[in-house]
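Proteins come first, then strands; the chains are lettered A, B, ... in the order of their sequence lines, and each starts at number 1.
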There are 2 protein chains.
Amino acid sequence: MSVAPDAVDGYLAQWALERPDLDVSPMAIIGRVSRLAALLQVRLDAVFAEYDLQSWEFDVMATLVRSGAPYELTPGALDRSMMITSGTTTHRITKLEQRGFVTRRRDEDDKRVVHVKLTDAGRQVFDAAHVAHIENERTMLEPLSEQDRTMLLSGLRALSGALGDGAGASGDTQRA
Amino acid sequence: MSVAPDAVDGYLAQWALERPDLDVSPMAIIGRVSRLAALLQVRLDAVFAEYDLQSWEFDVMATLVRSGAPYELTPGALDRSMMITSGTTTHRITKLEQRGFVTRRRDEDDKRVVHVKLTDAGRQVFDAAHVAHIENERTMLEPLSEQDRTMLLSGLRALSGALGDGAGASGDTQRA
DNA sequence: AATAGTTATCTTGACATCAAGAGATTGGCA
DNA sequence: TGCCAATCTCTTGATGTCAAGATAACTATT
């Protein structure tokens, strides 16, 4: 390959010296996915910060918008969609409520249930951040050739399949 | 494609309905990387737990072992290698020291410097977990065809390059 | 109706992490 | 030599997260 070695190549080389008896090649894929996710997160956070948002705040609002009008979900639905525990959801909603980006409303019929709704203010902030976020993602992928993207996408989908991440699977975690 | 849709395909479909004016296609790659990293982490943690280890504990010990004999680094070197702040490093070392997996030793010549060294007990636990960890990774990738792996690897390396993650770049984060 | 089990949300306590800065030591330069 | 800037580690306070369980409300069965 003519490609420049990256950080993971460095780790592989170190392991080859220290434990030549072990085949650490799976790390070339799995280690890179983890590492790239961390590197990507830093870049994504930088744009969210321009809109005074934490990535988890963007995540919650994105989940509400994705759900379609009236941009309203229960805490339980947010739990499942974002792969977080209920305690975390409560905390997130409370914080966003304090900032005026969502409202809480108790259900009339089933008083256990709460409805979390994106406010107009929340929607405005989100939409602005969303456009910048997508542009940010587009820019990060710009150096990749069409072939790179196709291969990467195929590979990632195959890995999704290998891990059993079906369309019905719960969990979000990715940003928008 | 004949591949089954995954969770990210679901999000893309939702966005296509809600905001057909936006091109959210970069999410197909970037969102998947983030999501896959989270899913992988869950699987990796499960094996670490069998050895009563947190993934950050495994990370620290892996960094020490990778560095070669005498399996000793300074907190600063650990900071840089693991992409964490110095406060976090202090905390990690203290915890591992309490468990008897590493020792702290002040440098004789430069009294600001500390040397963190893996103990024999730490090495034993790490080696056992390491073997299981690699086997775990291997199993996760087993469903992928040779072509899938090649494409995925090429794509990931291309993305590494796009993000400027050179071999000299600091930061670790990936597990072993 | 009364009760037991289920569901939905929230609370509590512990913990890993970060940002910012404090404390200690070293090295260079006047 | 004496002092200032740089370096290295650690401390502090805040935050987001989870696991476990508490609380309240609903449902089904008797």
Once you round it to whole Å, what is the distance between [atom2] of [N] and [atom1] of [X]?
{"X": "D79(A)", "N": "dA20(D)", "atom1": "CG", "atom2": "C1'", "value": "15 Å"}
{"X": "R80(A)", "N": "dT9(C)", "atom1": "CZ", "atom2": "C1'", "value": "12 Å"}
{"X": "E57(B)", "N": "dC15(C)", "atom1": "CD", "atom2": "C1'", "value": "12 Å"}
{"X": "K111(A)", "N": "dC10(C)", "atom1": "NZ", "atom2": "C1'", "value": "18 Å"}
{"X": "H115(B)", "N": "dC8(D)", "atom1": "NE2", "atom2": "C1'", "value": "12 Å"}
{"X": "L78(A)", "N": "dC10(C)", "atom1": "CG", "atom2": "C1'", "value": "14 Å"}
{"X": "D107(A)", "N": "dT9(C)", "atom1": "CG", "atom2": "C1'", "value": "13 Å"}
{"X": "Q98(A)", "N": "dG16(D)", "atom1": "CD", "atom2": "C1'", "value": "14 Å"}

Which nucleotide, [options], lies nearest any side-chain atom of [X]?
{"X": "V114(A)", "options": "dC10(C), dC18(D), dA8(C)", "value": "dC10(C)"}
{"X": "R106(A)", "options": "dG16(D), dT25(C), dT9(C)", "value": "dT9(C)"}
{"X": "H91(B)", "options": "dT9(D), dC18(C), dA16(C)", "value": "dA16(C)"}
{"X": "R112(B)", "options": "dT26(C), dC10(C), dC18(D)", "value": "dT26(C)"}
{"X": "D110(B)", "options": "dC10(C), dT17(D), dT26(C)", "value": "dT26(C)"}
{"X": "V113(A)", "options": "dT17(C), dT9(C), dC10(D)", "value": "dT9(C)"}
{"X": "T74(B)", "options": "dT9(D), dG16(D), dT26(C)", "value": "dT9(D)"}
{"X": "T90(B)", "options": "dC10(D), dT26(C), dA20(D)", "value": "dC10(D)"}
{"X": "T85(A)", "options": "dC18(C), dC18(D), dC26(D)", "value": "dC18(D)"}

**Asked** Quick one: on DNA chain D, does E108(A) or T88(A) contact a more 5' nucleotide (nearest heavy atom)?
**Response**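 In this pair, the answer is T88(A).
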**Request:** Take I84(A) and P75(B), find for each the nucleotide of DNA chain D with the closest heavy atom, and name the residue whose nucleotide sits nearer the 5' end.
**Result:**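 By nearest-heavy-atom nucleotide position, the 5'-most residue is P75(B).
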**Message:** Using the rule salt bridge (Lys or Arg N to Asp or Glu O under 4.0 Å), only one of D6(A), D148(A), D9(A) pairs with R157(B); which is it?
**Reply:**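 When salt bridge (Lys or Arg N to Asp or Glu O under 4.0 Å) is applied between R157(B) and each of D6(A), D148(A), D9(A), only D9(A) qualifies.
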**Prompt:** Strictly by modelled atom types, are D120(A) and Q124(A) linked by a side-chain donor-acceptor pair under 3.5 Å?
**Reply:**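 Checked: D120(A)/Q124(A) side chains show no N/O donor-acceptor pair below 3.5 Å.
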**Pair Y71(B), E18(A): side-chain N/O donor-acceptor within cut-off below 3.5 Å** =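 Per modelled atom types, Y71(B) and E18(A) side chains form a pair under 3.5 Å.
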**Message:** Check this one for me: any side-chain N or O of S86(B) less than 4.0 Å away from OP1 or OP2 of dT9(D)?
**Reply:**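 No.
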Give [X] one of three labels, base, sugar-phosphate or nothing, depending on what nucleic acid heavy atoms sit under 4.0 Å from its own.
{"X": "G76(A)", "value": "sugar-phosphate"}
{"X": "D109(B)", "value": "sugar-phosphate"}
{"X": "T89(A)", "value": "nothing"}

**Asked** Rounded to the nearest 0.5 Å, what separation is found between the NE2 atom of H91(A) and the CG atom of L96(A)?
**Response**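 If I round to the nearest 0.5 Å, the distance is 10.0 Å.
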**Request:** Hey, can you tell me if F48(A) and H133(A) have their rings parallel, tilted or perpendicular (30° and 60° cut-offs)?
**Result:**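 It falls in the parallel class, under 30°.
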**Message:** With heavy-atom distances below 4.5 Å as the criterion, would you say the side chains of L152(A) and R149(A) are in contact?
**Reply:**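 In short, these two side chains do not touch, never coming nearer than 4.5 Å.
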